[in-house]
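Only one structure is covered here, and it is reproduced in the block below.
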Amino acid sequence: MSTPRFDTVQVGDLLPALQLEPIRRSTLALFAGASGDHNPIHIDIDFARQAGMADVFAHGMLGMAWLGRLLTQWAPQSQLRQFEVRFLGITHLANAVSCSGRIAEKRDSDRCVRVQLQSTNQHGQTKISGDAWVALP
């Protein structure tokens with residue numbers, strides 16, 4: 001990975017997008033095992049239907065993890081200073097999520113950039129939005 005440099009990035013620059021495969025039940029089961037989040041609404045269709053949903057759906061923290069992957073494919077994790085998101089919609093099975101980021105601000109005092117983040121599905125519906133501050137050399 002080539003680390004971006006503070007002097008060469010500009011407000012408006014885009015991070016390389018992260019396009020994910022459509023979400024499958026196995027993706028949710030693997031994330032539940034890895035994260036310890038076994039909430040049945042994400043892995044048990046009967047439970048999800050009893051809760052009024054048509055089917056299971058992705059964990060919010062899985063979507064945040066994908067945005068984290070977008071960031072750490074752009075700059076080393078050690079340079080991440082702050083990372084916040086807002087969950088805006090449910091990410092359903094078969095959604096093909098795309099994660100994107102854009103430099104929104106540069107702060108000279110600590111050589112940090114603020115990256116606006118977003119994940120959307122194949123229908124253009126925003127599922128998560130957020131911001132991260134990344135220190136750059």
Side-chain angles (χ1 to χ4, degrees):
M1 161 180 19
S2 176
T3 302
R5 304 209 40 94
F6 185 81
D7 296 332
T8 61
V9 299
Q10 302 298 321
V11 170
D13 286 356
L14 300 176
L15 277 63
L18 174 63
Q19 181 63 52
L20 298 151
E21 295 293 320
I23 298 170
R24 301 182 317 243
R25 292 178 196 285
S26 60
T27 306
L28 303 183
L30 289 168
F31 183 77
S35 68
D37 182 352
H38 297 281
N39 184 328
I41 203 153
H42 300 299
I43 52 180
D44 182 339
I45 189 170
D46 294 329
F47 186 91
R49 286 185 175 157
Q50 287 176 349
M53 303 302 296
D55 206 336
V56 298
F57 53 92
H59 305 70
M61 295 308 292
L62 175 58
M64 187 174 183
W66 287 328
L67 287 172
R69 185 193 313 173
L70 172 80
L71 287 168
T72 59
Q73 287 180 345
W74 181 67
Q77 179 182 346
S78 61
Q79 294 176 220
L80 185 61
R81 298 295 180 258
Q82 185 176 345
F83 181 24
E84 301 175 343
V85 300
R86 291 168 295 286
F87 301 101
L88 303 174
I90 292 173
T91 305
H92 297 282
L93 288 176
N95 276 189
V97 174
S98 178
C99 298
S100 60
R102 181 181 79 69
I103 297 176
E105 184 178 347
K106 289 179 74 172
R107 192 168 58 200
D108 291 322
S109 61
D110 56 2
R111 298 180 63 85
C112 283
V113 296
R114 182 171 60 88
V115 180
Q116 288 180 327
L117 303 163
Q118 179 173 293
S119 71
T120 58
N121 67 8
Q122 70 273 27
H123 307 294
Q125 299 166 324
T126 300
K127 300 300 178 174
I128 302 175
S129 68
D131 287 289
W133 283 96
V134 181
L136 297 179

> What pair of heavy atoms forms the shortest contact from Asn121 to Gln125, and how long is it?
Replying inline: ND2-OE1, 2.6 Å

> Same cluster for Leu28 and Ile45 if Ile/Leu/Val/Met/Phe/Trp/Tyr side chains link at under 4.5 Å?
Replying inline: no

> Rounded to the nearest 0.5 Å, how far does NE2 of His38 lie from CG of Asp44?
Replying inline: 13.5 Å

> Are the side chains of Arg69 and Leu18 in touch, meaning some heavy atoms are under 4.5 Å apart?
Replying inline: yes

> Of the non-hydrogen atoms in Pro4 and Pro137, which two are nearest, and what is the gap between them?
Replying inline: O-CD, 3.5 Å

> Salt-bridged, Asp55 to Arg25, with N to O below 4.0 Å?
Replying inline: yes

> If Ile, Leu, Val, Met, Phe, Trp and Tyr residues are connected whenever their side-chain heavy atoms lie under 4.5 Å apart, and connections chain through other members, are Ile90 and Ile23 in the same group?
Replying inline: no

>> Surrounding CE of Met61 (heavy atoms of other residues, nucleotides or ligands, distance under 6.0 Å), is the total greater than 12?
In response: no

>> Rounded to the nearest 0.5 Å, what separates atom CG in Leu70 from atom OG in Ser119?
In response: 10.0 Å

>> For Gln82, I'd like to know if atom CD has over 12 heavy atoms of other residues, nucleotides or ligands within 6.0 Å.
In response: yes

>> Using the rule side-chain contact (heavy atoms from CB on, under 4.5 Å), only one of Asp131, Ile103, Val134 pairs with Arg114; which is it?
In response: Asp131

>> Which heavy atom of Phe6 sits nearest to which heavy atom of Cys112, and what is that distance?
In response: CE1-O, 3.5 Å

> Is the shortest heavy-atom distance from the side chain of Thr27 to the side chain of Leu62 under 4.5 Å?
Replying inline: yes

>> Nearest 0.5 Å, please: how far is CG in Leu117 from CH2 in Trp66?
In response: 15.0 Å

> Picking from Phe57, Phe47, Phe31, what satisfies ring pair (Phe, Tyr, Trp, His ring centres under 6.0 Å) with His42?
Replying inline: Phe57

> How long is the span from the CD atom in Gln118 to the OG atom in Ser129, to the nearest 0.5 Å?
Replying inline: 7.0 Å

> Pick one: which of Val11, Asp13, Leu136 meets side-chain contact (heavy atoms from CB on, under 4.5 Å) with Val113?
Replying inline: Leu136

> Nearest 0.5 Å, what's the CG-CG distance between Asp7 and Asp108?
Replying inline: 9.0 Å

>> Could you see if Ile128 belongs to whatever hydrophobic cluster contains Ile41? Use Ile, Leu, Val, Met, Phe, Trp, Tyr and a side-chain cutoff under 4.5 Å.
In response: no

>> Working to the nearest 0.5 angstrom, can you tell me the gap between Gln122 CD and Gln19 CD?
In response: 8.5 Å

> Under 4.5 Å between any side-chain heavy atoms of Gln79 and Thr3, yes or no?
Replying inline: yes

>> Please determine whether the number of non-hydrogen atoms from other residues, nucleotides or ligands lying under 6.0 Å from atom CZ of Arg24 exceeds 12.
In response: no

>> For a quick test of reading the model, state the closest non-hydrogen atom pair linking Gly60 to Phe87 and the distance between them.
In response: O-CE2, 3.1 Å

> Hey, are the side chains of Ser100 and Leu14 touching, using non-hydrogen atoms and a 4.5 Å cut-off?
Replying inline: no

>> Side-chain heavy atoms nearer than 4.5 Å, only ILVMFWY residues, links allowed to pass through others: does that put Phe83 and Trp133 together?
In response: no

>> Using every non-hydrogen atom in the two residues, find where Gly101 and Val115 come nearest and quote the distance to one decimal.
In response: CA-CG1, 4.0 Å

> If two hydrophobic side chains count as joined below 4.5 Å and joins carry through other members, does Val56 share a cluster with Met64?
Replying inline: yes

